[in-house]
Amino acid sequence: MNENLLIQVEKKLSKCNRCGTCTAYCPVFLQTNEEWYSARGRMALLEAVTKKRIKENAFYRDVIFSCLYCYTCVKNCPVGVKVDEFIILAREQYIGKKGLPLIQKLGLETLKNKKTLGSGIKTLRLLNRCSPRFIKKVFLSLLSKNGNRIIPPFAKKSLSEQLPEKIMVKKPKLKVAFFTGCLIEYIYPEIGISLLNLLKNQRIEIIIPKEQYCCGIPLLTSGDREGAEFLARKNIKLFTTLDVDYIINACATCGSTLKDYERLIGKWKLKNENSDFKIQNPKLSVSNWAKRIYDVSEFLVKFTDLKFNPTRETKVTYHDSCHLRKRQGIYEEPRHILKSISSIDFIEMEEADFCCGGGGLFSFKYYDISKKIAQRKIHNAECTKTEYIITGCPGCILHLNDILTQKKSFQKAIHLVELLR
Ligand code: SF4
Ligand code: SF4
């Protein structure tokens, strides 16, 4: 570990008083009951590495990579230790020295090149059509050791292949750009289409820039900060040149990452590299970047009359995605929307803000833990006897529906915008 980082880590680590409050909340610790898998344990190990008391061995690797990046510990730490920053720093250091597994490296590199990504997805779609069993056996087993896992296939046409880049409306109230994110773009375009119809009905003009990139979170949480920064710069450059008032998203993870770009790239760097960003739209400049990014639920509450019709009359409960509630502080808005529709029966579940266990790449590597965490969530959801689990994150939808389907549950997870029109 280089000297500067060592000092940085030691200074920050000294803030943790080892009180153990975080152990009462960490979903991974609650499942494994092993100290090393709590925030306190992970940080103690990181400290031991920085002080060269232990080596960065396979056990250390396992401890720093088996964190969901769910922010639960940060939210509940009485002295405000930024555990998430340590986790990223530890992964960055580790990967800097030891590198990523080849398949993961190739996958992440693809996200940096739109052409390669597009061709890769087309090839996978074709293979899936010709031989879905091959895809399930070879491709999914490379990603996850659990053969029972149900991962939805890539959509026949991605969202941007289905829509023009600009959706005009008469006398627009507002103009927004839609940051789609990879899951909505390639797997759940129907979520994007629901959102666009909803906004069109509210007389909001929408641009869906075709040149947008992944938000960067898969790279950041894999320890490739440089790669994540590369994608962040691409997105900032693109979106700040658009003639729009706001940037909206329907993915809690993408939204929290976009809002955090300043922390990722660094305030100083952003302010001193304006020439790099060629800002043409003062409304969306680098300096007010985070303030112009809205999750769809907060956008609807703030800028619309909330006169929606439901796409179905039904009973629903709501799951708080960690990246929406704990990272962005958004939890009242989706509930406000659900309660405002008279034909929707909204029933709050116990522990609505408990993590679903998905955690992006976490669920591929630690599927068994991930599944057990989801089972607690699903038990609480099923107790409400509702038809749908509504949420604001496609990643949670993917993970919850996998476990719900395997369990043959009567419930299904869908996105908030799929319930509205
Ligand atoms: S991270 Fe916070 S909650 Fe956890 S042991 Fe340290 S001080 Fe206590
Ligand atoms: S971010 Fe979540 S999984 Fe990671 S240590 Fe904190 S509470 Fe545990």
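Just follow the structure's listing: the first ligand is 1, and inside any ligand the first atom is 1.
Counting non-hydrogen atoms of neighbouring residues, nucleotides and ligands closer than 6.0 angstrom, the NZ atom of Lys412 reaches no more than 12 such neighbours. No more than 12 heavy atoms of other residues, nucleotides or ligands shown are found within 6.0 angstrom of CD on Glu350. Few gaps surround NZ on Lys114; more than 12 heavy atoms of other groups in view lie less than 6.0 Å from it.
Taking all atoms of both residues into account, the shortest heavy-atom contact from Leu264 to Arg225 is CD1-CG, 4.0 Å.
If you number the atoms of ligand 1 from 1 as listed, the ones under 4.0 Å from a heavy atom of Val79 come out as 7 (S). Heavy-atom proximity to Pro78, at under 4.0 Å, picks out these atoms of ligand 1: 3 (S). Residue-ligand proximity, Thr21 to ligand 1, at heavy-atom distances under 4.0 Å covers atoms 3 (S).
Counting protein heavy atoms only, atom 1 (S) of ligand 1 is closest to Met43 CE, 3.5 Å. In this structure, atom 7 (S) of ligand 1 lies nearest to the protein heavy atom Asn17 OD1, 3.3 Å. Closest protein heavy atom to atom 8 (Fe) of ligand 1: Cys19 SG, 2.4 Å. In terms of protein heavy-atom proximity, atom 2 (Fe) of ligand 1 is nearest to Cys77 SG, 2.3 Å.
Ligand 1 has no atom lying under 4.0 Å from any heavy atom of Ser38.
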Walk me through whether Ile150 and Asn401 qualify under side-chain contact (heavy atoms from CB on, under 4.5 Å).
CA-CA 8 Å; Ile150 299 159; Asn401 280 337; over 6 Å; no
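In summary, of the residues considered (Arg376, His319, His379, Lys377), a side chain to side chain contact (heavy atoms under 4.5 Å, CB included) with Glu351 occurs for Arg376 alone.
Both tests do not hold together for Arg125 against Phe154: distance to the six-membered ring centre under 6.0 Å, angle to the ring axis within 45°. For the pair Arg61 and Phe65, the cation sits on the ring face: its NZ or CZ lies under 6.0 Å from the ring centre, inside 45° of the axis. Taking the centre and axis of the six-membered ring of Phe239, the NZ or CZ atom of Arg292 falls outside the cone set by 45° and 6.0 Å.
Closest heavy-atom approach to atom 3 (S) of ligand 1 among the candidates Gly20, Cys16, Cys22: Cys22.
Distances from atom 4 (Fe) of ligand 2 under 2.8 Å pick out these protein N/O/S atoms: Cys67 SG.
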Review item, side-chain donor-acceptor pairs of residues 185-195, under 3.5 Å, at least two apart:
residue : atom : partner : partner atom : Å
Glu185  : OE1  : Ser160  : N            : 3.3
Glu185  : OE2  : Ser158  : OG           : 3.3
Glu185  : OE2  : Ser160  : OG           : 2.4
Ser194  : OG   : Glu190  : O            : 2.9

